[in-house]
Amino acid sequence: MPQISYLKKRDGGVYYAQIAVPADLQSIIGAKMKERSLRTKDHREAKRRMIPVIAEWKRMFEELSARRVLTDADRAHATWQHYTGALERYEQTRQAMPSEADIDAAMEATIERVQREKIDIGDRLAVLAASLEVMAVKDRRKFDENSRRVKLAELRRHLATGEAALIEDELEDYIQRNKLIIDPLSPERGDLARRMMRAEIEALERTLERDRGDYSGAPKDPIVTPATGKVRETAAPGESIMEVFAIYERENPNNIKADTLAQARRDVGIFVDYVGSNCPVHRIDKKAVREWKALLLKYPVKATETKAFEGMKLAQIVKHNATVGKPTISTNTVNRYLSGLGAFCGWLVAHGYLDINPVTDMFLAKKKDKVVFPFKVDQMNALFKSPFFTGCQGDESPRLWSKPGNVLIRDHRYWVPLVMLYSGARPGEIAQLAVSDVRQEHEHWVMHITDEGDGDDDKSVKNEKSMRLVPVHKELVKLGFLDYHADMKETGEGRLFPLAERNSRGQMIADFSRDFGRYLTKLGLKNGRGLSLYSFRHGVFDAYRRAGYLDEQFNFMLGHASGNKVTGGYGVLPQGMLKQRVELVNAVAYPGLDLAHLHAACN
């Protein structure tokens with residue numbers, strides 16, 4: 001959902017809390033926005049008071065979203081369930097009634113007491129007190145029968161007059177347990193109450209027949225029949241999909257990274273958006289996954305950030321997009337959603353919640369066409385001579401990067417593209433480097449790409465194969481990379497690029513990767529998909545091949561190989577092996593690329 005401010009300042013300076021009502025709840029709540037005065041003009045105090053108000057509204061939305069309207073299947077289910085439940089309760093009471101043997105035992109106990117306590121049998125009050133227990137045991141069955149007859153008569157009278165007091169507690173319990181949306185004054189509630197009263201009347205009549213030893217009776221009221229329609233199952237406490245996902249999240253069986261786990265939560269959350277927040281986890285099946293996948297194939301890109309879909313759920317968004325016409329997510333993105341749900345379902349199978357993984361064999365075939373292309377030399381020459389690298393108007397946004405000026409960007413945003421150009425390393429791998437990760441090994445400068453470190457900022461790599469030593473290319477030395485490293489070391493920085501940040505999902509410099517693509521568009525180098533920050537990495541693959549190397553000879557340099565990798569510690573590579581890596585990395589070249597102006601800028 002698009003971000004809107006939860007605070008609103010009215011005329012007079014008083015702050016109000018506000019929140020958009022989800023589209024599917026607007027008819028129930030009767031408004032598109034909820035507002036409440038916070039009774040203060042102080043901004044800080046308003047923010048403090050706003051938090052519990054917004055939390056209260058969100059809880060209400062969540063509760064209402066889990067509810068559903070009453071259906072014919074619900075009516076039939078409520079009627080038959082109440083009949084069978086009432087009959088079972090009455091039968092349990094009957095089974096607990098004293099038998100003839102119980103009455104005889106009570107009589108013997110009373111006689112024994114009279115003899116033991118030497119009660120005067122001529123004293124009527126004393127005899128009455130001693131025999132009360134026998135009388136209570138002997139008359140309990142008759143008292144219970146009379147009570148049922150009285151209740152039966154009252155239910156019939158209430159049914160005729162429209163009174164529902166005798167059934168109110170059971171009615172409310174059914175509504176709450178099954179998460180139904182029923183207005184207290186609606187005809188639907190009255191109809192459901194009458195059905196449940198008719199069900200209990202039938203149950204009471206069966207008990208009176210059983211008092212006479214007749215267990216052959218069946219309901220005579222035509223509405224009191226076994227329910228045949230399907231009623232949506234409601235999760236028991238602790239067994240909804242997201243409640244069980246929280247257990248999976250805490251356990252983290254595959255020890256995946258925090259941002260990947262957070263993405264899985266969002267993916268599973270979109271599935272829950274389709275099946276309902278109160279769906280039991282054991283109800284995840286092939287049919288539900290198949291229908292969800294069909295909706296994902298029509299799901300628009302960045303739907304939750306688009307104003308046109310504000311407050312809508314998955315099915316509503318897809319339906320509305322038929323009119324809006326926003327582009328839909330890619331096959332790879334659909335597979336990513338399926339992957340997040342599939343990993344969770346695999347854990348559910350292992351822990352006995354499901355018998356099979358319903359996501360198995362649901363994945364879409366990947367498209368063979370390339371979506372990322374390496375830069376051509378003329379494109380790189382245009383890029384590296386553009387204001388971003390030579391001097392721009394400001395460093396805040398791509399809009400200012402593209403205008404010539406005297407602002408020199410020389411932080412991670414400058415160095416990451418250049419290091420990628422001559423190493424093929426991933427953007428995040430470079431941006432997270434510690435100063436100590438760039439060092440000399442056997443008289444050669446190297447970059448240690450690893451998830452280990454002593455800094456405050458957590459480091460990560462794509463997988464174990466990605467940890468490696470990559471020599472610093474001779475062109476990077478000419479461009480002043482080692483001089484920059486020396487400056488960072490002299491100032492006492494722990495990180496090589498201290499301004500590089502992770503986004504809310506934990507992805508390193510994801511914002512810059514996005515803005516870099518926008519900058520390429522502003523320069524006229526990009527039109528749609530194809531070029532991005534990753535184009536530098538793809539270019540290194542081609543550069544190795546152009547130099548005559550086979551993929552298996554250089555893949556390990558880019559974190560794709562199973563062997564020849566560094567998994568931790570310093571100085572683990574023999575000198576001969578490191579020399580081979582130096583020769584490999586320096587074979588990366590781009591005939592016709594001119595960076596002389598950047599060399600001069602470093603001097």
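Numbers here are sequence positions counted from 1. The shown structure was predicted, so the numbers you read here are calculated from the model rather than taken from an experiment.
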Leu297 side chain near Ile329 side chain, heavy-atom distance below 4.5 Å: no
Backbone of Met362 reached by a side-chain donor or acceptor of Lys293 within 3.5 Å: yes
Centroid-centroid distance, Phe497 to Trp415, less than 6.0 Å: no
Residue pairs, two or more places apart or on separate chains, that pass side-chain hydrogen bond (donor to acceptor under 3.5 Å, both in side chains) and touch residues 379-396: Ser386-Tyr519, Asp395-Arg413
Sidechain N-carboxylate O distance under 4.0 Å for Arg468, Glu429: yes
Over 12 non-hydrogen atoms of neighbours within 6.0 angstrom of CD in Gln440: yes
Contact summary for Leu469 and Val446, nearest pair of heavy atoms: CD2-CG2, 3.9 Å
Student check: side-chain heavy atoms of Tyr544 and Asn555 closer than 4.5 Å: no
Rounded distance [0.5 Å steps], CZ in Phe481 versus CE in Met447: 6.0 Å
Heavy-atom side-chain contact between Pro471 and Leu578 under 4.5 Å: yes
Residues in side chain to side chain donor-acceptor pair (under 3.5 Å) contact with Trp445, at least two apart in sequence or another chain: none
Lys526 atom NZ, neighbour heavy-atom count above 12 within 6.0 Å: yes
Lys302, NZ atom: more than 12 neighbouring heavy atoms under 6.0 Å: no
Nearest atoms (heavy-atom pairs only) where Arg399 meets Lys522: CA-CE, 3.7 Å
Close side-chain approach of Glu475 and His599, heavy atoms under 4.5 Å: yes
For Phe309 against Pro300, the heavy-atom pair lying closest together: CE1-CG, 3.5 Å
Show me the side-chain donor-acceptor pairs of residues 547-554 shorter than 3.5 Å, one per line, residues at least two apart or across chains.
| unit_1 | atom_1 | unit_2 | atom_2 | d |
| --- | --- | --- | --- | --- |
| Asp551 | OD1 | Arg545 | NE | 2.9 |
| Asp551 | OD2 | Arg545 | NH2 | 3.1 |
| Gln553 | OE1 | Leu550 | N | 2.7 |

Donor-acceptor under 3.5 Å (His485 side chain, Val438 main chain): yes
Within-4.5 Å side-chain heavy-atom neighbours: Phe536 and Ser423: no
Any side-chain heavy-atom pair of Leu433 and Arg495 under 4.5 Å: no
Closest contact, heavy atoms only, Pro253 versus Trp347: CG-CD1, 3.7 Å
Set of residues satisfying side chain to side chain donor-acceptor pair (under 3.5 Å) with respect to Tyr422, sequence neighbours excluded: none
Polar side-chain atom of Ser513 near backbone of Ile509 as donor-acceptor pair, under 3.5 Å: yes
Nearest atoms (heavy-atom pairs only) where Asp267 meets Gly340: OD2-CA, 4.1 Å
Validation row: Lys47, Tyr6 side chains within 4.5 angstrom (heavy atoms): no
Aromatic ring proximity Phe373/His538, centre distance under 6.0 Å: no
All side chain to side chain donor-acceptor pair (under 3.5 Å) counterparts of Tyr274, not counting sequence neighbours: Glu291
Single hit among Asp515, Leu383, Leu533, Asn527 for side-chain contact (heavy atoms from CB on, under 4.5 Å) with Leu520: Leu383
Contacts of Arg265 that satisfy side chain to side chain donor-acceptor pair (under 3.5 Å) - sequence neighbours left out: Glu249
Asp542 side-chain N/O to Pro374 backbone N/O, donor-acceptor pair under 3.5 Å: no
Tyr484 and Arg410, any side-chain heavy atoms less than 4.5 Å apart: no
